[in-house]
Amino acid sequence: MPDSYSPQYVEAAWYPWWEQQGFFKPEYGRSSVSAPNPRGIFMMCIPPPNVTGSLHLGHALTNAIQDSLTRWHRMRGETTLWNPGCDHAGIATQVVVEKKLWREQGRNRHELGREAFLREVWKWKEEKGDRIYHQLKKLGSSLDWDRACFTMDPKLSAAVIEAFVRLHEEGVIYRSTRLVNWSCTLNSAISDIEVDKKELTGRTLLSVPGYKEKVEFGVLVSFAYKVQGSESNEEVVVATTRIETMLGDVAVAVHPKDPRYQHLKGKSVIHPFLSRSLPIIFDDFVDMEFGTGAVKITPAHDQNDYEVGQRHRLEAISIMDSRGALINVPLPFLGLPRFEARKAVLAALKEQGLFRGIEDNPMVVPLCNRSKDVVEPLLRPQWYVRCGEMAQAASAAVTRGDLRILPETHQRTWHAWMDNIRDWCISRQLWWGHRIPAYFITVNDPTVPPGEDPDGRYWVSGRNEAEAREKAAKEFGVSPDKIILQQDEDVLDTWFSSGLFPLSILGWPNQSEDLSVFYPGTLLETGHDILFFWVARMVMLGLKLTGRLPFREVYLHAIVRDAHGRKMSKSLGNVIDPLDVIHGVSLQGLHDQLLNSNLDPSEVEKAKEGQKADFPAGIPECGTDALRFGLCAYTSQGRDINLDVNRILGYRHFCNKLWNATKFALRGLGKGFVPSATSEPGGHESLVDRWIRSRLTEAVRLSNQGFQAYDFPAITTAQYSFWLYELCDVYLECLKPVLNGLDQAATECACQTLYTCLDVGLRLLSPFMPFVTEELFQRLPRRMPQAPPSLCVTPYPEPSECSWKDTEAEAAIELALSITRAVRSLRADYNLIRIRPDCFLEVADEATGALASAVSGYVQVLASAGVVAVLALGAPAPQGCAMALASDRCSVHLQLQGLVDPARELGKLQAKRGEAQRQAQRLRERRSAMSYPVKVPLKVQEADEAKLRQTEAELRKMDEAITLFQKML
């Protein structure tokens, strides 16, 4: 066994062996997955990572939690499936491949054509697409790789088409022209989750793709509309942050109760650049207090305006095409890019004397998180999912308790979203993705008038074109040969296929053994940031298509932030690759990664500074086990995680402690050691044997309880405390004299107890630290010849197996530990480093005396003391002893006479005391100043108070020591 723990050595070979042996398959150890299992079934599907992605710490957290849960359920003997998969990531993948094409061939996708471009995407996917799977394996994720699914696989694609057709036939999916989030760079609608909200405090120049100069945002421009037919040249002043959209204005709105505009009822204003007048309308949505109380209305380019337009039956005039160039406007604006038009409109208003001012305006600019383009609300005919009824069903499932969302604080968010849900736009103007199985119908018959795009009657869906043709012919009462079909060019929103993931991976709509056994699943575990985008849609679609929930519980973990609480961002230089934490990386290595990213040169420098501040010496090698354990230890329910890599390093040291403890134990057990057939005590255990079994019982109870409650910090704390503070710091130390002694019966008892601690302790830790625990477990002898071959399929310790709670032994050893702490404290106070001073225990009663006598041998070992003697009741301690309290029933007297030079110690103490007194005096004076409570920050005041309390406590200790040394002179 190597001298010290090396993550690289330990993590090199176990994963391929686990995989080859089929330990991660639900079939392992049983005839089939449908074979009855009294232990039950555990099924969870992975939140499919993007095929373009590489792992970040958020993924690492997700997988650490999910794998620990999966391994726990598997070790409990349940039929366990954790199903892997990967998302085709429509926009992200298309952008990556388009950039690659441009870089390598100088061509865009339109030059290549749809079919050829899709071949390029598939080629890229085959080359790069399994990178994330390799990273997941590196994290030790015990997924059943034979069941791995890709959302564009034929099986999953068939489920997507089936779902669309069924929902379209029911009228749940429909066609409508509405405002969508539009990315002009991508030339596609995007979902809300793909929109970043950039907050501006005032005037700001932003870089926008396609524009050489930066564009001004964060200003409010005021201009005047002249009232039509006004003899006094009356005007209505409006203000906007998007002045170019005034070319699409169709009305001006004011509040019905605004006294300033009552006389304008029925009047209109004149548009300065268009041959139309704009009616003045009265609507409650207008805020009378904001600006002039008058608002321009552009229904085709603003969500609020669109709703006002619907109420007042106003025409919605689109003034931008899909690339952001102006249409349906007069010269000189026609054809201008939208932000060039912004400048042109402002100049034209000034020229006509209608410009009324410009001022800073705090605002939020929506940016496409893929292209960094400014998102434009545009009117487009798209496919929508009617969500109202499905949302009610999803909300009711939580209210009834059929679906549990944990932590429960997220239930309020769930209900709020479901109560205020809007219909879901599922069209995306991309080429990569599931092409929408809907066809526009042209009927080759003069008796049937041609249809318009938004008219749902002229659209038909089908599992294939032949089925669609039959349906269309039936709808219009003509023969199929009269039907001409044109399939929609768009693809479905990626979240639509993700929403079907729990069904599609199991082969739905076709019946299969997997579908009947593993649907509904047990648990869905993910980050709380996609509760709506993914979890809600899975629940709605699962209920709608099967009448059953896709899972019974949802556990939402926290979001990983950096040590300062900042969101992980490439530009801050705080994005950490988990593989860098596992293998370690130099500061230069971190810098080099920035150069290969898409950051601007200015952002690279800023990010480098961030890396230099956080990781001046790079990131040390921590290993997978330490990373997993650390991430789970951090998981406080529902809160963000501020991850400090130094804490992960602390868990690497913990792995080293496990290694050394097992190495010591194996040496102590000896080569000929044979564990007894069961873990039950033999009946001759010492006090400390009984105590460690009792503490092990508590660790087992807390671990199982924690897994059931998803309380990961409780589990990791219990296991860390058992191994480090109880097994290593106490039990192994107390064992050394026993193992070196001549009492064979005591040695045998101790060895059996020690083996039980290693066996149970490693099994407890295994879900979090699979590599190091497997490595150590394989070095232990087995109780039975037919024991499972791997730790990952060995039964998890349960309270019924480990029921050795012993309050008597715990009370006794707790007294020994209290005495030890008191002795160590005195040794530190009097600088007794290499000396073993005698120790006298003064007790309050006979029972405490008996207990102290019973544990005196343990105190001698743990406190490195000389003689440990219990004084007779009422007997004084010898002269020259320092005293400390171990408990309210026991005082510790440590013999100093002859071990220290009183005169020398007195001199040192008096000098130290003088400095402490001066420090206390300075603090008192500072705190008594008149301005102190007002001028000094509260945190500093609290720190000063704590410092003063500590200094005063030190002074009291020094006074006791000075008195003692004076007596010894």
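In this text, all values refer to a predicted model and were calculated from it rather than measured experimentally.
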Margin query: Closer than 3.5 angstrom, by distance alone: can the side chain of Lys372 be matched with the main-chain N or O of Pro209 as a donor-acceptor pair?
Written below: no
Note to self: Run the salt bridge (charged side-chain N to carboxylate O under 4.0 Å, His left out) test against Asp514 and tell me which residues pass, sequence neighbours left out.
What the structure shows: Arg147
Note to self: Is it true that, when you exclude Glu213 itself, more than 12 heavy atoms of the residues, nucleotides or ligands shown sit nearer than 6.0 Å to its CD?
What the structure shows: no
Check: Distance-only, no hydrogens or angles: does the His434 side chain make a donor-acceptor pair with backbone N or O of Thr151 under 3.5 Å?
Finding: yes
Next item on the list: Just jot down the ring pair (Phe, Tyr, Trp, His ring centres under 6.0 Å) partners of His301, sequence neighbours excluded, or say none.
Entry: none
Checklist line | Side-chain donor/acceptor of Asp614 to backbone N/O of Gln611, under 3.5 Å | finding: no
Item checked: Ring centres under 6.0 angstrom apart (His410, His528) -> yes
Checklist line | Asn464 side chain vs Glu467 backbone, donor-acceptor pair below 3.5 Å | finding: yes
Check: Quick check, are the ring centers of Phe518 and Phe42 under 6.0 angstrom apart?
Finding: no
Margin query: Do the side chains of Arg166 and Glu170 get close enough for a salt bridge, i.e. N-O under 4.0 angstrom?
Written below: no
Margin query: Checking Trp383 now: which residues fulfil ring pair (Phe, Tyr, Trp, His ring centres under 6.0 Å) with it, not counting sequence neighbours?
Written below: Phe164, His168, Trp459
Next item on the list: Would you sort out whether Ile190 and Val180 count as a side chain to side chain contact (heavy atoms under 4.5 Å, CB included), showing the intermediate values?
Entry: CA-CA 8 Å; Ile190 58 175; Val180 293; over 6 Å; no
Check: Excluding sequence neighbours, so at least two apart, what forms salt bridge (charged side-chain N to carboxylate O under 4.0 Å, His left out) with Arg422?
Finding: Glu307
Next item on the list: Have a look at Met540 and tell me which of Val172, Ile421, Val385 forms a side-chain contact (heavy atoms from CB on, under 4.5 Å) with it.
Entry: Ile421
Next item on the list: May I ask you to test the Thr522-Met44 pair for a side-chain heavy-atom distance under 4.5 Å?
Entry: no
Notebook entry, point to check: Rounded to the nearest 0.5 Å, how far does CG of Leu403 lie from CD of Glu553?
Noted result: 9.0 Å
Note to self: Check for me whether Arg109 meets the cation-pi criterion with Trp431, that is, NZ or CZ under 6.0 Å from the six-membered ring centre and within 45 degrees of the ring axis.
What the structure shows: yes
Item checked: salt bridge (Lys or Arg N to Asp or Glu O under 4.0 Å) pairs, two or more places apart, involving residues 178-194 -> none
Next item on the list: Examine distances only and state if a side-chain atom of Asp373 and a backbone atom of Thr185 form a donor-acceptor pair shorter than 3.5 Å.
Entry: yes
Checklist line | Side-chain donor-acceptor pair present, Asp580, Gln593, cut-off under 3.5 Å | finding: yes
Notebook entry, point to check: Who passes ring pair (Phe, Tyr, Trp, His ring centres under 6.0 Å) against Tyr306, sequence neighbours left out?
Noted result: none
Item checked: Heavy-atom side-chain contact between Leu545 and Trp508 under 4.5 Å -> yes
Notebook entry, point to check: How would you list, by chain and number, every residue that makes a salt bridge (charged side-chain N to carboxylate O under 4.0 Å, His left out) with Arg380, sequence neighbours excluded?
Noted result: none
Notebook entry, point to check: How would you list all residue pairs meeting side-chain hydrogen bond (donor to acceptor under 3.5 Å, both in side chains) that involve residues 111-127, not counting sequence neighbours?
Noted result: Arg114-Glu489
Next item on the list: To the nearest 0.5 Å, tell me how far Leu143 CG sits from Phe24 CZ.
Entry: 8.5 Å
Item checked: Interatomic distance, Asp453 atom CG to Asp488 atom CG [nearest 0.5 angstrom] -> 8.0 Å
Margin query: If you define the side chain from C-beta out and look only at heavy atoms, does anything of Tyr384 sit under 4.5 Å from Arg175?
Written below: no
Check: Is any side-chain heavy atom of Cys45 closer than 4.5 Å to a side-chain heavy atom of Ile505?
Finding: yes
Check: Looking at Cys632, Pro578, Cys622, which hits side-chain contact (heavy atoms from CB on, under 4.5 Å) with Leu627?
Finding: Pro578
Check: Can any side-chain N or O of Asp423 pair as donor or acceptor with the backbone N or O of Cys387 at less than 3.5 Å?
Finding: yes
Next item on the list: Answer whether the closest heavy-atom distance between the side chains of Ile91 and Leu430 falls below 4.5 Å.
Entry: yes
Next item on the list: Can you tell me which residue pairs pass the salt bridge (Lys or Arg N to Asp or Glu O under 4.0 Å) test with a partner in residues 424-434, sequence neighbours excluded?
Entry: Arg428-Asp493
Check: Can you name the side chain to side chain contact (heavy atoms under 4.5 Å, CB included) partners of Ile530, sequence neighbours left out?
Finding: Ile193, Trp495, Thr526, Trp534
Check: Is there a donor-acceptor contact under 3.5 Å from the side chain of Gln94 to the main chain of Trp432?
Finding: yes
Margin query: Other residues, nucleotides and ligands only: do more than 12 of their heavy atoms fall within 6.0 Å of NZ on Lys137?
Written below: yes
Checklist line | ring pair (Phe, Tyr, Trp, His ring centres under 6.0 Å) involving His59 - partner list, sequence neighbours excluded | finding: His56
Next item on the list: Could you tell me whether a side-chain N or O of Asp321 sits under 3.5 Å from a main-chain N or O of Arg323, the two making a donor and an acceptor?
Entry: yes
Note to self: So, taking the atom named CG in Leu156 and the one named SG in Cys149, what distance separates them when rounded to the nearest 0.5 Å?
What the structure shows: 5.0 Å
Check: Is Leu206 close to Val215 at the side-chain level, that is, under 4.5 Å between some pair of heavy atoms?
Finding: no
Next item on the list: Any pair with a residue in residues 51-68 that passes salt bridge (Lys or Arg N to Asp or Glu O under 4.0 Å), sequence neighbours left out, goes on the list, sorted by first then second residue, please.
Entry: Asp67-Arg71, Asp67-Arg628
Checklist line | Any side-chain heavy-atom pair of Phe496 and Arg537 under 4.5 Å | finding: no
Next item on the list: Establish, yes or no, whether the cationic atom of Lys25 lies under 6.0 Å from the six-membered ring centre of Trp145 and within 45° of the ring axis.
Entry: no
Next item on the list: Provide the closest heavy-atom pair for Thr624 versus Lys138 in the form atom of the first, atom of the second, distance.
Entry: OG1-O, 3.2 Å
Item checked: Heavy-atom donor-acceptor pair, Tyr519 side chain to Thr546 backbone, under 3.5 Å -> no
Margin query: If you define the side chain from C-beta out and look only at heavy atoms, does anything of Gln487 sit under 4.5 Å from Glu465?
Written below: no
Note to self: Show, in sequence, the C-alpha distance, side-chain angles and deciding distance for Asp490 and Gln429, and conclude whether the side-chain hydrogen bond (donor to acceptor under 3.5 Å, both in side chains) test is met.
What the structure shows: CA-CA 5 Å; Asp490 294 350; Gln429 290 63 44; 2.8 Å; yes
Checklist line | Separation between NE2 of His110 and CG of Leu112, rounded to the nearest 0.5 Å | finding: 11.0 Å
Next item on the list: Report the distance from atom CG of Asn510 to atom NZ of Lys155, rounding to the nearest 0.5 Å.
Entry: 10.0 Å
Notebook entry, point to check: Do Trp182 side-chain atoms and Asn187 backbone N/O form a donor-acceptor pair below 3.5 Å?
Noted result: no
